[in-house]
Amino acid sequence: MAQGSIDPSGRRFKLPSLLDVRVLGVLAQLAFVVGFILVTVWFINNILSNLDALGESQFICIDGSSKPRCSFDFLSSDAQFELAETPIEYDPADSYWRALGAAALNTLKVIVSGIILATILGTFVGIARLSKNWLVANIAKWYVDILRNTPLVLQLIIIYFSVLLALPQIEEAIKIPGIPIFISQRGVNFINATFLPSAGVWLAFLVLGLIQAQVLWWILGRVEEQTGRSQNRFLWPIISFLAIAILGWVFSSNDTNQSILLGRQLQVEEISDFETLMLQRYDVNTLGEIDMLVANEVMTQDAVDELALSLCVLRDAPSEVNFTAQLRQRGIPYTVRRLSSQSRATSSFADGDCEVYVAPTAVLAGERDILENPNSFLLLPVQEAPVRWSIPRIEGFNFVGGGKMTTEFTAVLIGLVLNTGATIAEIVRAGIQSVSKGQSEAARALGLSEGQRLRLVVLPQALRVIIPPQTSQYLNLAKNSTLALAVAYPDFWNIANTTINQSGRSIQIMLIVLAFYLSISLIVSLMLNAYNRRIQLVER
Amino acid sequence: MTATNTKSMGEDVIVCHDVHKWYGDFEALKGVSMRVRSGEVIVILGPSGSGKSTFIRTLNRLEEHQEGSISVDGIELTHDIRNIAEIRREVGMVFQQFNLFPHLTVLENITLAPIHVRKWSRERAEEVGMKWLTRVGIPEQAEKYPGQLSGGQQQRVAIARTLTMEPKILLFDEPTSALDPEMIKEVLDVMRDLASSGYTILAVTHEMGFAREVADRVIFMDAGQIVEENVPSNFFTNPKEERTQRFLQQILNH
C-alpha cells in the first residue's frame, strides 16, 4: 500500500510505511481509541470495586433482598430532612425523589431567572461601555473589571452576609413609597397576582379575543388588497380584543350562578364581613393569630374547628371552589359538609348543622322559600374578580400574602446575575464593535434614529458574534449555580450532598447529579445552536 | 446627454459658509464656502486627503464641523437633533463600500428606512422600493441577500435604497472606487440617469468622463480648501490655477 516515489536518479523506491502520512493518521486514531477504551474500562472497574467495598447495603430492594438492579431503590424511602424553601409542597416524610425534585426546581428557578436578568444587564452594560458619556462608560468599565476579576464565591458571601443579612428586621422592612415591595433580612416580599377559579373563564375569553383579533387582522388585510384602500389593521383588532377582555372580566366576576345562603343574624352583608365575624368569635386582633392560638396551646385544634365557619355544600356546586378560595385568601377558618342531594342539604341547613349554604343561585332561591320564615335568610351572590392583587402584610413574625424571594435565593440570583452580566457585557461590546462603522453610517444617513440604528442594524449583526460565547456564559451560569451551597440555598447540588451524607449512596447520587447538570447544559446549548443557525448570514 | 443646458436651476439648497473641521490638531477643512442650487450636478475632485469626502460628509452630519455654518434645504445644521433628523431625511448618501445591511434581503434593505423613518406601510414601501430596483435594472434580485450579489449590483441596490427615501439631494462618496472596472459603467449609467432627472447631486469621484459629461460645475479641492470652481469644459481644457493643472496632468497622463 506504501506509495512509490521516484528518486532523482529515476529509480522507484518503496516509502517506509511509518513515514506515510496516511498510515500515521490511521495509527494515531487507533492509539486514541485504545487509550479511550482503557480509561473507560478503568473508570467502570473503579466504580464496581468501590460499590463492592461499600457492601450489599448499596443494593437493598424494597422486599429486603439485595440485587444490583435495586441500586436506586433507596430514593423511594423517606428523606427525613427539611428543605428551607420549595416551589412544590414537600414534607420530610416525602421520598428522596421528591426532595431532589424540589431542589431541582429551585436550581431551575435560579438558572432561568439568572439567564434572563444577566442577559438584560449585560446588554445594557455592554452598550454603556461604548457610550460617549465619560461617566456612564467608566461606571460600566469599573463594574465589569471588578466583577470579572474576583471569585464568584467571594461575591456570593459578601452579598449574603454583608449586604442582605445587614438589611433591617422584618418590622422595619424597607418600603418603596407607592410600590408594595418590602425588603428585609428575610428577603423580598412583593405584590403578586392571585388567580381565583373564575380566572379560567376569563382566560378563555382572552384566548377567544386573541383568535378574533388575528382573524380580523387577516380580514382587514384582504379588504385592503381588494379595495386598495388602506385599513387600520392594528387599531380595530386591538380595540375588539380589549372589548372582549373587559366583557370576559365582567362576566367572570358577576357569575350570579353561584351564591350562598345564610341567616341574617350573622350580620354579614358582604363577604368581607366574615372577617369581622371571625375576629369577634375568636376574640383576636388579626386572623393570623388563630394559628397561634393552637401553637400556644390556648385552644385545641378541635375547639378552633368548632368556632370555624361551617358550610353545607350541595355536591358539585361550582360556588364552593370560588367561595372557599375567597375564605382561604382572607384567612377565615371554615369546615365543609358536602351533601349529595338538594333535599338533604336543605334540611341539614334548616336544622342548623351549618351557618352557610353553598349552592347554585337557582337552587338556593327555590329552597329559601321552602324554609320557615324565608325573610330571615340572605341570598348573597359569590362575586369575585378573576385575578386579584395579593399584597404582603406583616402578621406575627412573618409576612402573609404576596410573593416572596428568600434571602438565600436573592443572594444567589444577584451574585450570578452580576457576575455573569459582567462577562456578557464584554461579549456584547465585542459583538457591537465587530459590526463595521459603515453600517452605522449608512443607518444614520438613511435617517434612522440612534435607537433604531442599534435595534435594526447593529444588534442583529452583532448577535452572530455574540451568540457562541454567550452560550458558554449561560452554561457557566448554570454550573456556577452549584455555589448556592455557600449561602445554604437548597439547590440541587446542595440537596444532593445532603442526600449522600444521609444515605451513604455517593455513587448513585453522583450519577444523578451528572445526568441533571449534563441535561441542562445540553438543552441550553441545543437551543442556542438552533438560534445561531437561524441568524447566520447568507453568503454566496 | 447634455441635459445641463435645458435644466432649470432653482434656488440655493445648500449654503456653506467658512466651514472648518479639525481631527485633533489636524485641520481637515480650512474654511470651505459654497452654494448649490436645486437641480445642480456638482463633481468634487481632488487628490486623496484633500478633504473632499470629509466635506460632503459634513453635509448630513456624519462628520461634525466645528466652525462656520451649513444650511441644507433652508434648515440650519446645528446640534439640534430634530434638525439633523430632518436634514438626513432630505439628503441621501451612497458610499464607497456600499454599506448594505448584510442580514437583510435586498428588498428589506430598501424598505427599512421608509417604514421606520417615513412611517410608510410595508406595502407602499415595497411598491416604491420595487420601482427603484427596476429603475436601476435589478428587480429580479429583490429576495436575495447582499452577500449573493456582485459589487456593481450591490452599489445599485445602495442607490435604490437611498432613492426610495425620496431625498431631494444625493451625495455620492466615491461610489465607483471599490468596483471592478467592468462594473463601473453600470453604476455610472444609473448616476447619469439620475443627473438628468432633476436631482441635486454632489459627487466625489475620480471618474473624469462622468465629470466632463454630466457635471454642471466641477470643484477642485486641495489641503482642505476649494482651489478652483469651474464649468467642466473650462475646468478640463483651461484650468486657472497652477495646482489644478498639476493635478489634471497627473491623472490624465497616467
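Residue numbers begin at 1 in each chain, while the letters A, B, ... track the order of the sequences. Here the structure is a predicted model, which means the values were calculated and not measured.
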Side chain, backbone, both or neither: which part of [X] has a non-hydrogen atom closer than 4.5 Å to chain A?
X: Glu123(B); result: side chain
X: Arg118(B); result: neither
X: Val91(B); result: backbone
X: Ile87(B); result: neither
X: Phe101(B); result: both

Nearest 0.5 Å, what's the [atom1]-[atom2] distance between [X] and [Y]?
X: Ile84(B); Y: Ser449(A); atom1: CD1; atom2: OG; result: 12.5 Å
X: Arg88(B); Y: Leu448(A); atom1: CZ; atom2: CG; result: 9.5 Å
X: Leu112(B); Y: Gln452(A); atom1: CG; atom2: CD; result: 8.0 Å
X: Gln97(B); Y: Lys437(A); atom1: CD; atom2: NZ; result: 12.5 Å

Is it true that a side-chain atom of His103(B) and a backbone atom of Leu456(A) form a donor plus acceptor pair closer than 3.5 Å?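 Checking the backbone N and O of Leu456(A) against the side chain of His103(B), a donor-acceptor pair under 3.5 Å is found.
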Any donor-acceptor N/O pair, Asn99(B) side chain to Gly438(A) backbone, under 3.5 Å:
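Yes: the side chain of Asn99(B) pairs with the backbone of Gly438(A).
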When you compare the side chain of Arg57(B) with that of Glu441(A), does any pair of heavy atoms fall below 4.5 Å?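 Glu441(A) reaches Arg57(B) side chain to side chain.
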Pro114(B), Ala85(B), Gly92(B), Ala113(B): which one forms the most heavy-atom pairs within less than 4.5 Å of chain A?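 Heavy-atom pair counts peak at Ala113(B).
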| Picking from Arg89(B), His116(B), Met165(B), Met93(B), which has the most non-hydrogen pairs under 4.5 angstrom with chain A? |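 Answer, by heavy-atom pair count under 4.5 Å with chain A: His116(B).
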- For Phe95(B) and Ala445(A), which heavy atoms make the closest approach, and how far apart are they?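 What the structure gives for the nearest pair is CZ-CB, 3.9 Å.
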